[in-house]
Amino acid sequence: MYNLHRADSVSSYSAHRHLNFFTHRATFTAWCNSHLRKAGTQIENIEEDFRDGLKLMLLLEVISGERLAKPERGKMRVHKISNVNKALDFIASKGVKLVSIGAEEIVDGNAKMTLGMIWTIILRFAIQDISVEETSAKEGLLLWCQRKTAPYKNVNIQNFHISWKDGLGFCALIHRHRPELIDYGKLRKDDPMTNLNTAFDVAEKYLDIPKMLDAEDIISTLRPDEKAVMTYVSCYYHAFSGKQKAETAANRICKVLAVNQENEQLMEDYEKLASDLLEWIRRTIPWLENRLPENTMQAMQQKLEDFRDYRRLHKPPKVQEKCQLEINFNTLQTKLRLSNRPAFMPSEGKMVSDINNAWGNLEGAEKGYEEWLLNEIRRLERLDHLAEKFRQKAAIHEAWTDGKEDMLQKRDYETASLSEIKALLKKHEAFESDLAAHQDRVEQIAAIAQELNELDYYDSPSVNARCQRICDQWDALGALTQKRSEALQRTEKLLETIDQLYLEFAKRAAPFNNWMEGAMEDLQDTFIVHTIEEIQGLSTAHEQFKATLPEADKERQAILGIHNEIAKIVQTYHVNMAGTNPYTTINPQEINTKWDKVRQLVPQRDQALIEEHARQQNNERLRRQFANQANVIGPWIQTKMEEIGRISIEMHGTLEDQLTHLRQYEKSIVNYKPKIDQLEGDHQLIQEALIFDNKHTNYTMEHIRVGWEQLLTTIARTINEIENQILTRDAKGISQEQLNEFRASFNHFDRDHSGTLGAEEFKACLISLGFDIANDAQKRTGIMDAEDFKTCLISMGYNLGENEFSRIMTVVDPNRMGIVTFQAFIDFMSREAADTDTADQVMASFKVLAGDKNYILADELRRELPPDQAEYCIARMAPYTGPDGVPGALDYMSFSTALYGESDL
């Protein structure tokens, strides 16, 4: 048996013998149903429906949020008493003393005891927790009502009975919290029935507060029942205080979700930009790695022009995209750290390091492609020269051999006279001399064809076929010559006379004619030179050739003198000469014609050498012009890179001053771009002139381009680091003196001035600033390598255990690169005093919106949150699987931890 008596001396229900029984039963029944409805049930008769103890236990579970012992499901009296006792035990465990009431009275349906028990429950769970300025529950509730209704005329709340009879108190409470529900200005104090019914109807329809009181009973009763009024008013208190908590919780969730949505958009933008850049690199590298050669100089020149377009038009925007991508990544990581979110890990293959590796592969392919293009152009130039030389020599040789086989196969010596046979013999000897003279040309033709094959000339099959025809014909000529020589020698014994003068003419005219043909061939031969020294060598050789012309002219006069002597003998002795010289086809007219041709070609060769000499002088001017600029720009870029490195580690003025200085510095660098463009123009002129080397400078255009791109990227990255430091300083409230102290400590341990620290140096740096890592996990970020970072921590006063330091390194170096940058170091230091949202705070806010349930419903989210953020939560929350779940329940706990990287979202 229990006595119905509260520890705070609340009077027992049995002491109030004059209470309105029916008023209590209606009010308490409505109050119980307002809570049982959350569990999907209700009662009709308060003294009957609680007799088996089941709904009584359920009511206690709903209002307390705790689980009671498992109820008995039997229908026997002993099962019912057991259930009621479990409920009474639970009430007693909450500090309530029960007097003169036991489970038997409840099971027997004792209405008086049942209502007394319900009043005790109301006092404990609905009124006792109300506290305003450390007053008691009743006084606290009364003080709350007085404060809320103070601004309203005709409302004076002094108690929980007659102060509420006119209904204006109820309407004032509703209007104070939900002014859109009641037009308070139209209410009249002399119309209590309208006021009461208005308040009761609005509370039931919009505030989910059931009608616990009857307007007619309140008006007709001189003193309305205090407990009924307190019970009903307490529902107002909980409804409005819960609404205020819900608004606070909703605001917190909206703030957290807004940050999360912004970060997700930044992540999506990074992923798209990274994907587009990697796709462009993926498409470009195969083009640059394509080494399929072209057959003509024109086609290769077009490839070179395409490559220039790529360097001028297509690549520069991608360089800017790559730089912007790195800046966006750093800014995103800074925002994530400032909002206490885990570091952003891009999709596989889209890390900044992956993009840098892909970019490196692109530049490697680019460099190899340019070298290949230039080598191919040189090769094709050489091939064209050799092919033209082959065609010229082959044409001369074929012209010479034309008809020789037919001549050697003639059997004219069989019917020839003695003089004719001797003439044939001498003619054959002259032919053998001529044949020997052409041996060098045949060997030259074969050598050129072999070189064309070795250089992979595209038309090698036709060259080989033509060369093979010449060699086969040459072998045949040799065999035929030997055969005819033997036949003439056998016949020679029969012939005695020979015209010695014709023979001498033929013997001297043939080599002279061959010399003239060789001279004409050399004078018409094309040449390729790349330096002034080479053209000077050709000019010297040409001058030496011209020096031999007087001696050659004497030989020509001597040969012509032989012919004149023959003519004189013929004329003198009236020799009957049938035809021309039988020993040679060369005649004086041909010698004179060829000699005139040689004389004509000499000044033409002079002019060609002069023009080539002028071209080489122009090329040398282009080399010097390019070298003069490159030798200035190259050191300038290196100096600027070193100055930026010094600026990034020195401390002069505020961060804003440093940022202004860096932007002015960046502007001065950008203003230098016209000189780079001018150098590009000079470089294009050099390439168009097919100049392949430059002894006046060690700088190539590729060196200048890479240096310029690195300079622009470095200044942009340095500016971004200062901007992120300003963002961190403003977000965390760090003073300029603190930043200077952090920078001084960082620079002290950055002994190699690389802008990064190792783990040991970072640890010493933090210890020097007075941190004790062994007992408190710190939250910091920066850029140093692992050893530098550890040294820095030690220097700031941290007592670093290995496990704690390993945890800190995962914060400041999420990519496990082994270094800690100054930005990560500043982030780490600034987060020590940061007051940021946590997963537990967000979880508690959701619990308020859910009415202290372990789950939340979609309708509750839509009611409390803005539409877009409510749908954001609904789409990402997992279904709740707990034993107390209902259909459509959502798990806000796992969602809250996922927001902070403690689980998968």
Side-chain angles (χ1 to χ4, degrees), residues 1-36 42-64 68 71 77 80-130 136-138 141 159-161 210 212-214 217 221 223-235 238:
M1 298 290 291
Y2 292 93
N3 291 325
L4 182 60
H5 181 69
R6 290 183 46 79
D8 57 0
S9 299
V10 177
S11 298
S12 69
Y13 182 81
S14 61
H16 298 274
R17 300 181 178 277
H18 302 291
L19 292 177
N20 188 323
F21 171 80
F22 294 103
T23 299
H24 288 176
R25 184 166 64 176
T27 301
F28 292 173
T29 299
W31 183 85
C32 292
N33 283 334
S34 69
H35 293 287
L36 288 174
Q42 63 180 9
I43 61 174
E44 298 293 339
N45 189 312
I46 195 167
E47 60 267 24
E48 291 295 329
D49 292 346
F50 284 147
R51 291 179 62 185
D52 59 2
L54 293 176
K55 291 189 177 179
L56 179 59
M57 294 179 71
L58 181 60
L59 173 65
L60 291 172
E61 287 184 346
V62 171
I63 63 178
S64 68
L68 274 66
R77 178 178 176 82
K80 299 178 180 180
I81 292 174
S82 175
N83 290 337
V84 174
N85 275 327
K86 291 177 181 178
L88 296 177
D89 288 341
F90 179 78
I91 296 172
S93 69
K94 299 301 179 181
V96 179
K97 293 183 179 180
L98 301 172
V99 181
S100 301
I101 185 171
E104 291 80 358
E105 283 84 354
I106 304 302
V107 173
D108 292 338
N110 188 317
K112 186 176 180 180
M113 292 300 177
T114 300
L115 292 174
M117 178 189 64
I118 297 301
W119 174 242
T120 300
I121 292 173
I122 293 172
L123 286 176
R124 172 60 184 84
F125 293 101
I127 299 176
Q128 179 177 313
D129 292 337
I130 299 175
S136 66
K138 178 179 178 181
L141 181 60
N159 50 55
F160 287 107
H161 38 81
M212 300 182 185
L213 302 176
D214 183 84
D217 290 344
T221 303
R223 178 188 171 99
D225 184 74
E226 186 178 44
K227 291 180 173 58
V229 174
M230 282 182 64
T231 301
Y232 187 63
V233 171
S234 69
C235 293
H238 289 295

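Atoms considered below: every heavy atom in the structure, side chains included; atoms not considered: hydrogens, waters and symmetry mates.
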Original post:
Quick one: OG on Ser82 to CZ on Arg77, what's the gap to the nearest 0.5 Å?
Top reply: 13.0 Å

Original post:
What do the steps show when you test Lys80 against Asp108 for salt bridge (Lys or Arg N to Asp or Glu O under 4.0 Å), and what is the final call?
Top reply: CA-CA 10 Å; Lys80 299 178 180 180; Asp108 292 338; over 6 Å; no

Subject >> Residues that Asn159 engages under side-chain hydrogen bond (donor to acceptor under 3.5 Å, both in side chains), provided they are two or more places apart >> reply: His161, Ser163

Original post:
Are any of the side-chain heavy atoms of Ile122 and Lys227 separated by less than 4.5 Å?
Top reply: no

Original post:
Can you name the nearest heavy-atom pair linking Leu141 to Met230, along with the distance?
Top reply: CD2-O, 4.0 Å

**OP:** State, yes or no, whether a side-chain contact exists between Ile63 and Trp31 at a heavy-atom distance under 4.5 Å.
**Re:** yes

**OP:** Grab the two heavy atoms, one from Val229 and one from Pro224, that are nearest each other, plus how far apart they are.
**Re:** CG2-CB, 4.3 Å

Subject >> Nearest-0.5 Å distance that lies between atom OG in Ser64 and atom NE2 in His35 >> reply: 11.0 Å

Original post:
Could you give the distance from CD1 (Ile91) to CD1 (Ile121), rounded to the nearest 0.5 Å?
Top reply: 4.0 Å

Subject >> Considering all heavy atoms, the nearest Ile43-Cys32 contact >> reply: CD1-CB, 4.0 Å

Original post:
Roughly how far, to the nearest 0.5 Å, is the CG atom of Asp225 from the CG atom of Leu213?
Top reply: 9.0 Å

Original post:
Which heavy atom in Thr29 sits nearest to a heavy atom in Glu44, and how many Å separate them?
Top reply: CG2-O, 4.4 Å

Subject >> Criterion side-chain contact (heavy atoms from CB on, under 4.5 Å) against Lys112, the qualifying member of Asn110, Thr114, Leu115 >> reply: Asn110

Original post:
Do Glu47 and Met113 have side-chain heavy atoms sitting under 4.5 Å apart?
Top reply: no

Original post:
Looking only at heavy atoms, what is the nearest atom pair of Pro210 and Ala30, with distance?
Top reply: CG-O, 3.4 Å

Original post:
Between the main-chain N or O of Gly102 and the side-chain N or O of Glu105, is there a donor-acceptor pair closer than 3.5 Å?
Top reply: yes

Which side-chain N or O atoms in residues 52-62 pair as donor and acceptor under 3.5 Å with protein atoms at least two apart or in another chain?
unit_1, atom_1, unit_2, atom_2, d
Asp52, OD1, Leu54, N, 3.2
Lys55, NZ, Gln42, O, 2.7
Glu61, OE2, Leu68, N, 3.1

Subject >> Residue pair Arg51 / Val107: nearest heavy atoms and the distance that separates them >> reply: NE-O, 2.6 Å

**OP:** Dump the intermediate steps for side-chain contact (heavy atoms from CB on, under 4.5 Å) on Val84 and Phe50, then the final yes or no.
**Re:** CA-CA 8 Å; Val84 174; Phe50 284 147; over 6 Å; no

Original post:
Of all residues at least two apart in sequence or in a different chain, which pass the ring pair (Phe, Tyr, Trp, His ring centres under 6.0 Å) check with Tyr232?
Top reply: Phe170, Phe200, Tyr236

